[in-house]
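Read the structure below first, then the notes.
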Amino acid sequence: MTEQPELGHAIVESGHELGNHTETHRRMVFVGGDTVAQEIESTDTAIRAAGYDGEITFRPPYGKKLLALPRYLDSHDRTTVMWDVEPDSASSDTDEIVRIALDETRPGSMILLHVMYPSRASSLEAIPGIVDGLRAAGIPVRDGVGTTRPVTTRRCLSDTESGNHPAPRYGR
């Protein structure tokens, strides 16, 4: 966000949410409260500077949260969004990524794929097979196709809160 703020602006202008994943992506275990506050608050500042005015959800780097981080999040009434399916951490083969995702996903699951890295091209290639397989199994897929608004974390959490399906989440 600080190195390419124009990307944050473009994301907001497109109607998407910006969530906090910390400034440095360090593991948030065995760190003090001051470190946690600096990592989160500096990122929140950058998110606000990009023009985002909604609730800022939080996803801990590597899914790690111990001691100071949960305390901070609780005391600041922050919603922490977690994933429960991460198929490309177990395999780099496209077909295996699809198989794992289909085996482990249930209604309300959040799937984490690392499609932003060139070395993870197989993750990007797995998406159509995952979406088709989930739909064939009758599991609702939020992908924005056929809608006039992007699929956002807030929208998925709203479905969860209304009882449409259970999403993995921690906090608040």
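Values below: every heavy atom of this structure, side chains too, minus hydrogens, waters and symmetry copies. Index from 1, following the sequence.
- Two residues are said to be in side-chain contact when any heavy atoms from C-beta on lie closer than 4.5 Å; L66 and L69 fail this criterion.
- L112 has its side chain within reach of E86: a pair of non-hydrogen atoms, C-beta onward, lies under 4.5 Å apart.
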Please lay out, stage by stage, how V131 and L134 fare under the test side chain to side chain contact (heavy atoms under 4.5 Å, CB included).
-> CA-CA 5 Å; V131 170; L134 293 174; 5.9 Å; no
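- Side-chain contact check for M28 versus K65: every heavy-atom pair is 4.5 Å or farther apart.
- Heavy-atom neighbours of E13 CD from other residues, nucleotides or ligands within 6.0 Å: at or below the threshold of 12.
- Between the side chain of H21 and the main chain of R59, a donor-acceptor pair closer than 3.5 Å is present.
- A donor-acceptor contact shorter than 3.5 Å links the side chain of S91 to the backbone of D93.
- More than 12 heavy atoms of other residues, nucleotides or ligands lie within 6.0 Å of CG in D103, so this atom counts as buried by the packing criterion.
- Annotation: side chain of R26 is not in contact with side chain of T22 (no heavy-atom distance under 4.5 Å).
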Show the numbers, then the answer: is there a side chain to side chain contact (heavy atoms under 4.5 Å, CB included) between L73 and F58?
-> CA-CA 9 Å; L73 297 170; F58 180 80; 3.9 Å; yes
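- Two residues are said to be in side-chain contact when any heavy atoms from C-beta on lie closer than 4.5 Å; S122 and D88 fail this criterion.
- Proximity of a side-chain donor or acceptor of H9 to a complementary backbone N or O of A50 within less than 3.5 Å is detected.
- Contact annotation: the side chain of M82 approaches that of P60 to within less than 4.5 Å [non-hydrogen atoms, C-beta and beyond].
- Counting heavy atoms from C-beta outward, R78 and D44 have side chains that approach closer than 4.5 Å.
- Atom CD of residue E17 and atom OG1 of residue T57 lie 6.0 Å apart, to the nearest 0.5 angstrom.
- Using modelled atom types and a 3.5 Å distance limit, the side chains of E55 and T79 yield a donor-acceptor pair.
- Side chain of N20 to main chain of I40: a donor-acceptor pair is present (N/O by atom type, distance under 3.5 Å, no hydrogens or angles).
- Just one residue in the list S89, S123, S92 forms a side-chain contact (heavy atoms from CB on, under 4.5 Å) with I97, and that residue is S123.
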What do the steps show when you test L67 against V29 for side chain to side chain contact (heavy atoms under 4.5 Å, CB included), and what is the final call?
-> CA-CA 7 Å; L67 303 174; V29 296; over 6 Å; no
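- For H76 (side chain) and Y72 (main-chain N/O), a donor-acceptor pair under 3.5 Å exists by modelled atom type.
- Between the T35 side chain and the V31 main chain, no donor and acceptor come within less than 3.5 Å of each other.
- No side-chain donor-acceptor contact under 3.5 Å links R135 to the backbone of I130.
- Salt bridge D95/R99: absent, no basic N to carboxylate O contact under 4.0 Å.
- Here the side chain of E39 pairs a donor or acceptor atom with the backbone of E23 at under 3.5 angstrom.
- Within the 3.5 Å criterion, the main-chain N or O of L102 finds no donor-acceptor partner in the side chain of T105.
- Note on R106 versus D84: salt bridge recorded, some NZ/NE/NH1/NH2 to OD/OE distance being below 4.0 Å.
- Between the side chain of R48 and the backbone N or O of Y52 there is at least one donor-acceptor pair closer than 3.5 Å.
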